[in-house]
Every structure is written in structure tokens, then in C-alpha cells.
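Accompanying notes for the structure given below.
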Amino acid sequence: MTIHISVEKHFYASRRPSSEGSQEKGGEVLAIDQLGTTVTFIFYAVAIVAFALGALGVALHEKVSNLVALGLFAAFFVPFWNSMAAL
């Protein structure tokens, strides 16, 4: 289970001719992969367990809302990451 994050430099030639010759514009692209099935399963399993414990009223550090927040984070992190990887 690995997550690869890299920043790549791409150079694009200017489309307009200038008096100084060709100019290059540099841009950085964040290259990330979509989450694998194992990592996706782990996040969704954590979300289900956190929601179940929060619904039963189990308190984590005397606050049930912590479990609900953890469940929401785990449930929405996977689609967020995958949509960011699709950009």
C-alpha cells in the first residue's frame, strides 16, 4: 500500500512571438494517484465503525461528536482524494 505524490515541472513555449526570442512559461503540476482498493476499504471501514459507535453513544474523550467528525472525515476523504487525482 503506497501513495505516490510528486510535483513535476512542465515548460510551455509562448505562443506569441516576442522581440526577445522565445519565452518559456513554467508550471507545476501536482501528480497524485487514486487511492487503491485496500486504502479505500480501510477509510470506509473506519467511517462505518465511527458512525456505529457514535450512534450507540460511545464517547471518545467524553465527546460523541468526535466519532461523528471522524466518520465524516473518513467517509468524504476518499471521494475528495480521487476527484483531486482526476484533475
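The side chain to side chain contact (heavy atoms under 4.5 Å, CB included) test applied to Ile48 returns no partner, not counting sequence neighbours. Phe43 meets the ring-ring contact (aromatic ring centres under 6.0 Å, His included) test with Phe77; sequence neighbours excluded. Listed by chain and residue number, Ile32, Gln34 satisfy the side chain to side chain contact (heavy atoms under 4.5 Å, CB included) test with Ala85 (two or more places apart in sequence, or in another chain).
Nearest heavy atoms, Ala47 versus Gly71: CB-O, 3.6 Å. Here the shortest heavy-atom pairing between Trp81 and Asp33 reads NE1-O, 2.9 Å. When all heavy atoms of Ala75 and Phe51 are compared, the closest pair comes out as CB-CE1, 4.4 Å.
Atom CZ of Phe41 sits in a sparse spot, with 12 or fewer heavy atoms from other residues, nucleotides or ligands closer than 6.0 Å.
Checked against Leu67 for a side chain to side chain contact (heavy atoms under 4.5 Å, CB included), the options Leu53, Leu72, Val49 give a single hit: Leu53.
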